[in-house]
Amino acid sequence: MIRVLLADDQALMRAGFRALLDAEDDLAVVGEAADGAAAVELARRLRPDVVLMDVQMPGLDGIEATHRIATDGALAAVRVLILTNYGLDSYVFAALRAGASGFLLKDADPADLLRAVALVAHGDALLAPAVTRALISEFVAGPPPADPAAGRHVLTVREQEIVELVARGLSNDEIAQRMVISPLTAKTHVNRAMTKLHCRDRAQLVVWAYESGLITPRRR
């Protein structure tokens with residue numbers, strides 16, 4: 001059973017998500033929060049598997065709430081899936097930097113939402129869709145790191161190539177095709193890179209790739 005916490009300041013939106021999730025045999029909504037502070041408090045008390053987190057909420061916003069959850073050692077198993085409107089794309093990279101495992105547009109199909117919750121709950125990052133690739137490339141921001149090569153020395157040349165492809169939004173299967181290796185080998189390289197760089201999931205690997213200067217965003 002995947003336990004989900006809903007964090008959105010719109011009661012109607014929460015009700016819609018609850019109805020959709022509770023209709024599934026393997027999903028259960030364990031709590032609702034109308035602001036970021038309540039989301040953090042409920043995450044600490046209820047220990048959900050996934051938090052569906054809205055970005056714009058009164059008081060503590062979804063980005064800071066995500067940061068507090070992701071940096072709380074007691075909540076290491078809690079994953080945050082950011083919900084955003086199309087007009088709030090500039091928040092995407094900030095959410096990933098804060099520790100989110102991915103994001104989903106609020107107008108996504110119900111099937112996509114259910115799939116996203118399952119993916120994130122099982123430790124994957126929701127970074128594969130083409131829209132995500134475009135948004136990460138377009139909106140990655142912030143000052144260049146003090147040492148653009150920081151951390152690269154721990155990766156082999158092949159692992160650096162793999163990390164770049166992850167940051168471009170490729171799945172393990174797509175990486176395997178691109179590099180003419182098996183999907184299992186691709187997954188092994190990704191896992192080794194995450195271990196070496198102390199990244200807890202693929203989303204954090206993407207953040208590292210941009211912030212280390214391994215790759216730079218592609219501008220349209």
Side-chain angles (χ1 to χ4, degrees), residues 1-85 88 91-129 132 191 194-195 198-208:
M1 181 66 69
I2 298 173
R3 304 170 72 253
V4 182
L5 171 64
L6 303 176
D8 195 303
D9 63 334
Q10 299 181 41
L12 187 59
M13 188 68 69
R14 295 198 308 273
F17 287 137
R18 175 181 279 275
L20 175 65
L21 296 171
D22 279 345
E24 300 296 310
D25 293 338
D26 57 347
L27 296 173
V29 175
V30 296
E32 297 183 22
D35 58 63
V40 175
E41 191 278 327
L42 285 175
R44 288 171 176 160
R45 179 155 56 89
L46 300 174
R47 305 295 173 89
D49 299 302
V50 177
V51 180
L52 284 181
M53 183 80 74
D54 186 24
V55 172
Q56 290 190 319
M57 291 184 289
L60 194 71
D61 66 20
I63 303 299
E64 179 58 28
T66 296
H67 174 72
R68 295 187 186 186
I69 290 172
T71 55
D72 187 333
L75 301 180
V78 178
R79 296 289 183 259
V80 177
L81 178 60
I82 292 288
L83 295 168
T84 178
N85 292 308
L88 300 178
Y91 289 106
V92 170
F93 196 74
L96 294 178
R97 184 185 286 117
S101 291
F103 84 100
L104 194 69
L105 300 179
K106 282 190 173 181
D107 62 356
D109 290 337
D112 289 336
L113 174 62
L114 296 174
R115 173 179 170 273
V117 170
L119 279 173
V120 170
H122 290 99
D124 292 323
L126 196 67
L127 295 172
T132 309
N191 288 341
M194 288 193 295
T195 298
H198 307 290
C199 296
R200 72 175 189 169
D201 57 26
R202 292 172 77 98
Q204 294 305 296
L205 201 58
V206 170
V207 172
W208 178 88

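Starting from 1, each residue takes its place in the sequence as its number.
Among pairs with a residue in residues 59-69, those fulfilling salt bridge (Lys or Arg N to Asp or Glu O under 4.0 Å) read Glu64-Arg68, at least two apart in sequence or across chains.
Interatomic distance, CG of Leu104 versus CZ of Arg115, reported as 9.5 Å (0.5 Å rounding). Rounded to the nearest 0.5 Å, atoms CG (Asp25) and CE (Met1) are 7.5 Å apart. Between atom CG of residue Asp54 and atom CG of residue Asp35 there is a gap of 11.0 Å, rounded to the nearest 0.5 Å. Annotation: the span from Ile2 atom CD1 to Arg79 atom CZ amounts to 12.5 Å, rounded to 0.5 Å.
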Please walk me through it: do Leu113 and Leu52 pass side chain to side chain contact (heavy atoms under 4.5 Å, CB included)?
CA-CA 10 Å; Leu113 174 62; Leu52 284 181; 4.2 Å; yes
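Put simply, the residue from Leu81, Leu83, Thr66 that forms a side-chain contact (heavy atoms from CB on, under 4.5 Å) with Met53 is Thr66. Applying the side-chain contact (heavy atoms from CB on, under 4.5 Å) test between Leu21 and each of Asp26, Leu6, Val50 identifies Leu6 as the sole match. Of the candidates Val80, Ile69, Val51, Ile69 is the only one forming a side-chain contact (heavy atoms from CB on, under 4.5 Å) with Leu75.
The two residues Ala70 and Ala98 make their nearest non-hydrogen contact at CB-O, 3.5 Å. Of all the heavy atoms in Pro48 and Leu42, the pair that sits closest is CD-O, 4.5 Å. Heavy-atom minimum distance, His67 versus Thr71: O-OG1, 2.7 Å. Between Ile82 and Ala100, the closest heavy-atom pair is CG1-CB, 3.7 Å.
Met13 meets the side-chain contact (heavy atoms from CB on, under 4.5 Å) test with Asp8, Gln10, Phe17, Lys106; sequence neighbours excluded.
Side-chain atoms of Arg18 and Arg14, non-hydrogen and from C-beta on, never get closer than 4.5 Å to each other.
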